[in-house]
Structure formats: structure tokens, C-alpha cells
Number of protein chains: 2
Amino acid sequence: MALIPEDDLTVAQHELYGWIKEYMKNFQHSPSIRQMMQAMGLKSPAPIQSRLKHLQEKGYISWQEGKARTMQIVDEIVEGVPILGSVAAGGLIETYNDINQNLDISDVLTKKNVFALSVNGDSMIDACIADGDMVLMEPINHSSSVRNGTIVSALVPGLGTTLKYFFKRNNKIFLEAANTAYEPIQLNQEEVILQGKLLAVWRRI
Amino acid sequence: MALIPEDDLTVAQHELYGWIKEYMKNFQHSPSIRQMMQAMGLKSPAPIQSRLKHLQEKGYISWQEGKARTMQIVDEIVEGVPILGSVAAGGLIETYNDINQNLDISDVLTKKNVFALSVNGDSMIDACIADGDMVLMEPINHSSSVRNGTIVSALVPGLGTTLKYFFKRNNKIFLEAANTAYEPIQLNQEEVILQGKLLAVWRRI
DNA sequence: TGTATTAGAGTACATTTGTTTTAATGGCGC
DNA sequence: GCGCCATTAAAACAAATGTACTCTAATACA
């Protein structure tokens with residue numbers, strides 16, 4: 001049960017294709033035929049040429065003839081997944097099939113210094129952040145730049161890093177869970193280091 | 001308020017840098033110096049070399065000396081956000097700073113035919129899927145390939161597209177919401193078209 | 001077993017391409 | 001105006017590279 005139907009490829013072609021994808025992901029440019037030759041353990045360029053030709057005929061790759069390192073992987077969508085519609089819960093939905101919109105995640109991922117944290121526990125369950133989720137955080141420079149109600153990751157000495165709602169009242173900082181089973185934490189400004197504020201949530205099933 | 005501090009670049013360097021990024025985004029490989037020359041309206045490679053050298057010294061790009069089209073853009077993180085630790089709710093946490101792991105989203109995004117749906121309503125709120133979330137779905141070919149308990153988007157004639165838990169018992173299909181306020185839907189196999197199964201959830205704050 | 005097909009080795013060649021060098025140009029301060 | 005500096009043009013060169021070709025070994029198939 002292959003996830004991607006690459007069954008029309010021979011073993012050698014599949015191996016080369018995988019190597020190329022890996023190389024291009026790492027180096028952001030196309031490898032040369034002689035590099036592929038070496039990577040595949042071959043001693044002449046002819047077999048690579050043959051495999052590339054087949055890969056091109058089957059629509060996996062393309063390149064500009066005669067030009068060095070101009071391969072492209074045509075198969076995979078580099079960035080963006082089509083948004084096919086909106087889906088409702090129980091009620092009516094409009095399914096706009098031909099909308100030309102793509103889910104854009106890159107703006108968050110390419111933001112400077114963004115980091116991710118893996119969520120443990122269920123203290124934010126009422127904010128729809130579950131155990132095992134990845135939260136993408138933007139570093140906080142000044143605590144004054146954080147609005148009340150923002151979800152932040154905060155380092156509380158003795159407690160460790162925790163994900164909570166942030167509130168500031170009368171120079172006191174309150175960290176509140178999104179779960180009534182947890183008591184709010186009240187702290188002085190010096191007692192807490194705000195690490196980042198929540199940008200996005202990512203959950204793999 | 002520039003997002004990325006490119007202020008240390010001259011106008012010519014900045015223009016070239018922008019063009020290179022655009023080219024590499026479109027073609028998945030590095031341009032040649034002569035291509036850049038032409039794009040910048042120049043008639044000799046020397047000015048491009050000079051600008052590339054400056055871009056390299058300032059840490060924007062890199063390349064392998066002597067090799068054709070081996071440029072890389074070092075500035076932006078192409079894919080991947082560092083996972084800095086795991087964050088707990090209220091309890092203790094281990095914050096592993098030096099873990100060399102990156103949040104990898106590409107495997108889902110580059111999967112064939114994956115599509116996204118915008119979630120309306122709160123019927124899946126107990127599965128931590130909230131109004132406004134984006135759900136990434138993998139197309140379903142055969143209903144037999146869907147396991148009980150999977151979250152699917154299903155097209156129910158007269159009802160529209162809906163996001164629900166999928167169950168199959170005695171050749172009947174049950175679509176259950178993750179919200180006790182909604183009643184389960186019971187259908188015959190012919191009455192429902194399974195569109196996709198849930199791969200991931202994405203939520204922007 | 002014999003033959004056709006395919007894969008690979010080895011080689012050669014033209015083009016592309018990075019790099020170097022030298023000369024010309026143009027702006028700029030004095 | 002004059003000289004200094006950075007930018008560009010122009011040309012040349014060597015390395016890298018894609019491509020074509022021939023020959024050999026392996027493989028499949030009847």
C-alpha cells in the first residue's frame with residue numbers, strides 16, 4: 001500500500017528520484033548528473049541519463065536541455081494545499097470547488113526565530129490545544145507587547161515552562177489555564193519569563 | 001518596519017537578492033550568473049560577481065566554488081521550525097534546548113491530492129477542532145480503507161459536506177459529531193460520499 | 001541454449017558556466 | 001579640471017557539465 005503511486009517506477013528509478021528529492025531539499029538546487037552517478041554507485045553517466053529520461057517521460061521531473069543543474073521536481077506541490085471549501089458541523093455548507101486559494105503556512109514558518117513546542121497535558125484543552133499538539137510560538141521581547149488574553153509559553157522558576165493565557169492587572173501577572181480543573185497562577189513581573197506567544201497550532205493525526 | 005533586516009544591502013544587491021529568491025522559488029534551482037546578468041540588464045558578469053560576493057559576505061547566500069548553479073539562500077528557513085521543548089500544563093516540563101529536531105510539516109503538504117477545508121461550527125469541538133480551523137484531508141478512494149473512529153469529511157446529499165467521526169457497523173455508516181449536542185447520523189453506504197480523512201489540523205491565531 | 005533486450009562502462013565532445021584579467025566608463029570630492 | 005574610486009564592459013580561459021556514441025556484461029525469454 002504505497003502512499004504515493006510511484007509504482008510505475010523501477011527500483012533504480014525510484015531510488016534515484018528519492019535521492020534527488022532529498023538533495024534538492026537540502027541544497028535548494030539541482031544535483032549534476034555526475035553527482036547522481038556517484039550517489040548511485042555508478043561509474044558512467046549513461047545509466048543516470050536513462051533513468052532521468054524515464055522520470056521525465058513519466059512526469060516526475062523536468063529540466064532545461066543542455067543547461068547545467070536545471071532540474072525541477074514537477075510532482076510535488078512545493079507549497080500550498082488547495083482549500084476546497086468550508087465544512088460545517090451538522091449544518092449547511094458552501095463547497096466552493098473552484099476557489100483559487102491555497103493554504104499558506106509559510107508566513108508563519110519563515111518568520112524569524114519562530115519555534116515550536118510540544119504540548120503535554122490538557123490544561124489548555126478548552127482552548128482546543130490538546131496533548132501532543134505542536135504549538136508555534138513567536139519570541140516575546142518585551143512583556144508590554146503582550147495583550148491580555150494571549151496564549152503564551154512562560155518559564156516560571158520552580159514550575160518549568162507552561163502554556164497559559166496571559167493577563168496583566170495592577171502590575172501582577174496572571175497565568176490561567178483553559179481548564180477549570182487548574183487554578184490560575186498569580187505572579188510578580190520578576191517571577192516569570194515570557195518566552196513566546198502563540199502563533200499557530202499544528203496537530204498530526 | 002521591515003520583517004527581515006535587509007537594510008545592510010545596497011539597492012542593486014537588494015534587487016538581485018529579490019530576483020534570485022523569486023527565480024529559485026519558481027524553478028527550484030539556482031540561476032546562472034549570466035542569467036542574473038541579463039535579468040539585471042547588464043552586459044558583463046563582473047558586477048553580478050561583485051554583488052554575489054557581498055551577499056555572501058553578509059550571510060544571505062552561499063554557493064560551491066567553481067560549481068555551476070549551486071547557490072543556496074541561507075537567510076530564510078526554508079522549511080522547519082526548531083522544536084525547543086515540550087511544554088506542560090501546570091506540571092513539570094523538560095525543556096530540551098539542544099534537541100536537533102525540526103517540526104516537519106512538508107510530508108503532509110506534499111502528499112498527493114491533499115486538500116484543506118475551513119471548519120465552520122463547533123460540532124467537532126470535543127475533538128479539539130474549532131471554528132475557523134483548517135483541516136488537511138487525504139482523499140478517500142475506497143470506503144473500506146477507512147478505519148472506525150477516523151475523522152472524515154463526508155458529503156451527505158441534502159446536508160452538504162460535514163466533518164464527523166466515521167463508524168461502520170452492519171453495513172450501516174454512522175457519522176458522529178464530537179459534541180453531545182449533535183445527534184449521530186445513520187446512513188446507508190449509498191447515501192454518503194466520503195471525501196477525505198483527517199491528516200492534520202492547522203490553526204492560526 | 002541461443003538470441004534479443006537492457007543496463008552499465010568507457011570515452012569523447014560541445015556547451016554552459018564560474019572565474020580571472022584588463023580596459024573603459026562614470027561619478028565625486030577637491 | 002584632475003585624480004581617485006567603484007562600477008561596468010569585454011574578452012579569454014579552464015573547469016564543470018549535459019549529451020551522444022560505442023562497446024561489454026548481464027538479464028530475460030523463447
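Across all strands shown, E65(B) has heavy atoms under 4.0 Å from sugar-phosphate atoms exclusively, and none from any base.
If you measure from atom CZ of R51(A) to atom P of dA7(C), you get 8 Å, rounded to the nearest angstrom. Atom CD in Q49(A) sits about 16 Å away from atom P in dT11(C), given to the nearest Å. Taking atom CE on M37(A) and atom P on dT11(C), their separation rounds to 12 Å, with Å as the unit. Taking atom NE2 of H29(A) as the reference point, atom P of dT17(C) lies 14 Å away to the nearest angstrom. For the pair I33(A) CD1 and dA9(C) P, the computed distance is 15 Å after rounding to whole Å. Remark: P of dA7(C) and CD of E15(A) are 15 Å apart, rounded to the nearest angstrom. One can place CE of M40(A) at 18 Å from C1' of dA9(C), the figure rounded to the nearest angstrom. Rounded to whole Å, the distance from NZ on K53(B) to P on dA6(D) is 11 Å.
For N26(A), the CG atom sits in a packed shell: over 12 heavy atoms of surrounding residues, nucleotides or ligands are nearer than 6.0 Å. Counting heavy-atom neighbours within 6.0 Å of Q186(B) CD, excluding the residue itself, gives a total above 12.
Of the listed nucleotides (dG18(D), dT11(C), dA10(D)), dA10(D) has the atom at the smallest distance from the side chain of K43(B). Of the candidate nucleotides dT20(C), dA20(D), dT17(D), dT17(D) has the atom nearest to the side chain of R34(A). With dT17(D), dA9(D), dG10(C) as the choices, the nucleotide that has an atom nearest any side-chain atom of S44(A) turns out to be dG10(C). Among the nucleotides dA9(C), dT17(D), dT17(C), the one closest to any side-chain atom of S32(B) is dT17(C). In this structure, of dT17(D), dA9(C), dG18(D), it is dT17(D) that holds the atom nearest to the side chain of K67(B). Of the candidates dG18(D), dT8(D), dA9(C), the closest approach to any side-chain atom of A46(A) belongs to dA9(C).
The shortest distance between the side-chain N/O atoms of W63(B) and the OP1/OP2 oxygens of dT19(C) is below 4.0 Å. Taking side-chain N and O atoms only, R69(A) has no distance below 4.0 Å to OP1 or OP2 of dG18(C).
Between M36(A) and P45(B), the residue anchored closer to the 5' end of DNA chain D is P45(B), taking for each the nucleotide with the nearest heavy atom.
The two residues K164(A) and S123(A) come nearest to each other via the heavy atoms NZ-OG, 4.0 Å.
For N148(A), the side-chain hydrogen bond (donor to acceptor under 3.5 Å, both in side chains) criterion is met by no residue, not counting sequence neighbours. Residues satisfying the salt bridge (Lys or Arg N to Asp or Glu O under 4.0 Å) criterion with R34(A), sequence neighbours excluded, are absent altogether.
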